[in-house]
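Step one of this worksheet: look at the structure below.
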Amino acid sequence: QVQLVESGGGLVQAGGSLRLSCAASGNMFTLDNMRWYRQAPGKQRELVATITRAGNSNYVDSVKGRFTISRDNAKSTVYLQMVSLKPEDTAAYSCNADYTTWQGPSVYSSWGQGTQVTVSS
């Protein structure tokens, strides 16, 4: 099994910046696509950004130009750099990863617990 733990959330004023981190741990695994989701109260979970193992990324339109997803495969960590934050970015942010173990070809998916980002106006 792979555990994902997010960090870096907090309270920031509109226009500010935060960098979220998600570190994966476990036994003999290889991470594939990694993603950041967010969910605000009363809203459905939204896919914010995706990054492939090779580093190709895409974003939901509302964050393009403001958020950057990156990864460090050696550290099994994915990041979300957020700048020019807006109140509508307020949400619980969770990371998600597809992975395989070194024991077989099955693909699994793991979720972190989430980290809260609150942007004040």
Side-chain angles (χ1 to χ4, degrees):
Q1 306 95 297
V2 168
Q3 284 188 309
L4 303 177
V5 179
E6 302 97 336
S7 62
L11 175 64
V12 65
Q13 292 184 349
S17 301
L18 286 172
R19 189 177 77 150
L20 307 183
S21 299
C22 174
S25 62
N27 293 325
M28 296 182 293
F29 64 90
T30 299
L31 296 169
D32 195 13
N33 295 336
M34 302 186 76
R35 308 170 185 89
W36 284 98
Y37 287 80
R38 65 186 181 187
Q39 187 168 29
K43 298 184 66 177
Q44 294 192 80
R45 181 175 289 109
E46 175 185 40
L47 176 61
V48 177
T50 301
I51 187 166
T52 69
R53 180 169 177 80
N56 300 311
S57 60
N58 54 47
Y59 305 87
V60 67
D61 285 345
S62 60
V63 309
K64 287 181 179 177
R66 300 189 298 117
F67 291 10
T68 303
I69 189 171
S70 61
R71 66 192 291 166
D72 185 336
N73 289 333
K75 295 181 178 179
S76 297
T77 300
V78 64
Y79 306 93
L80 187 67
Q81 179 67 54
M82 305 182 294
V83 301
S84 301
L85 282 162
K86 304 174 180 180
E88 52 262 46
D89 296 319
T90 295
Y93 285 72
S94 300
C95 66
N96 163 255
D98 297 334
Y99 70 94
T100 58
T101 73
W102 299 352
Q103 309 304 312
S106 298
V107 180
Y108 304 91
S109 183
S110 185
W111 289 84
Q113 298 267 22
T115 185
Q116 180 67 37
V117 171
T118 301
V119 184
S120 63
S121 60

For this session: Would you mind checking if K64 and D61 are paired as a salt bridge, meaning a charged N to carboxylate O distance below 4.0 Å?
Result: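 Yes, this pair counts.
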
Exercise. Within the distance-only criterion (no hydrogens, no angle test), does the side chain of E6 pair as donor or acceptor with the backbone N or O of L20 below 3.5 angstrom?
Worked result: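 Checking the backbone N and O of L20 against the side chain of E6, no donor-acceptor pair under 3.5 Å is found.
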
Exercise. Quick check: does any side chain N or O of N73 sit under 3.5 Å from a backbone N or O of R53, one acting as donor and the other as acceptor?
Worked result: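 Yes, the answer is positive, given that a donor and an acceptor are paired below the 3.5 Å cut-off.
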
Minimum heavy-atom distance [X]-[Y], with the two atoms named:
{"X": "A40", "Y": "A91", "answer": "N-CB, 3.9 Å"}
{"X": "W102", "Y": "T30", "answer": "NE1-OG1, 2.9 Å"}
{"X": "F67", "Y": "Y59", "answer": "O-CE2, 3.3 Å"}
{"X": "S84", "Y": "D89", "answer": "O-OD2, 4.4 Å"}
{"X": "V78", "Y": "S70", "answer": "CG2-O, 3.1 Å"}
{"X": "L80", "Y": "A49", "answer": "CD1-CB, 4.3 Å"}

Would [X] end up clustered with [Y] when hydrophobic side chains under 4.5 Å apart are linked, directly or stepwise?
{"X": "V63", "Y": "L18", "answer": "yes"}
{"X": "V2", "Y": "Y108", "answer": "yes"}
{"X": "Y79", "Y": "M34", "answer": "no"}
{"X": "V83", "Y": "V119", "answer": "no"}
{"X": "L47", "Y": "I51", "answer": "no"}

From [X] [atom1] over to [Y] [atom2], what is the distance, rounded to the nearest 0.5 angstrom?
{"X": "N58", "Y": "T52", "atom1": "CG", "atom2": "OG1", "value": "9.0 Å"}
{"X": "W111", "Y": "N96", "atom1": "CH2", "atom2": "CG", "value": "4.5 Å"}
{"X": "Y93", "Y": "E46", "atom1": "OH", "atom2": "CD", "value": "8.0 Å"}
{"X": "S7", "Y": "R19", "atom1": "OG", "atom2": "CZ", "value": "8.5 Å"}
{"X": "S121", "Y": "K86", "atom1": "OG", "atom2": "NZ", "value": "14.0 Å"}
{"X": "S110", "Y": "D98", "atom1": "OG", "atom2": "CG", "value": "10.0 Å"}

Do [X] and [Y] touch side chain to side chain, with heavy atoms closer than 4.5 Å?
{"X": "R71", "Y": "L31", "result": "yes"}
{"X": "S17", "Y": "Q81", "result": "yes"}
{"X": "R38", "Y": "V117", "result": "no"}
{"X": "R35", "Y": "Y37", "result": "yes"}

For this session: Count the heavy atoms of every other residue, nucleotide or ligand shown that sit under 6.0 Å from CD of Q39, and state whether that count exceeds 12.
Result: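 Check passes, neighbour count above 12.
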
Problem set entry | Atom CD of E88: over 12 foreign heavy atoms under 6.0 Å |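 Counting neighbours around CD of E88, more than 12 heavy atoms of other residues, nucleotides or ligands fall under 6.0 Å, so yes.
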
Problem set entry | Worked check of side-chain contact (heavy atoms from CB on, under 4.5 Å) between Q116 and T90 | CA-CA 8 Å; Q116 180 67 37; T90 295; 4.0 Å; yes

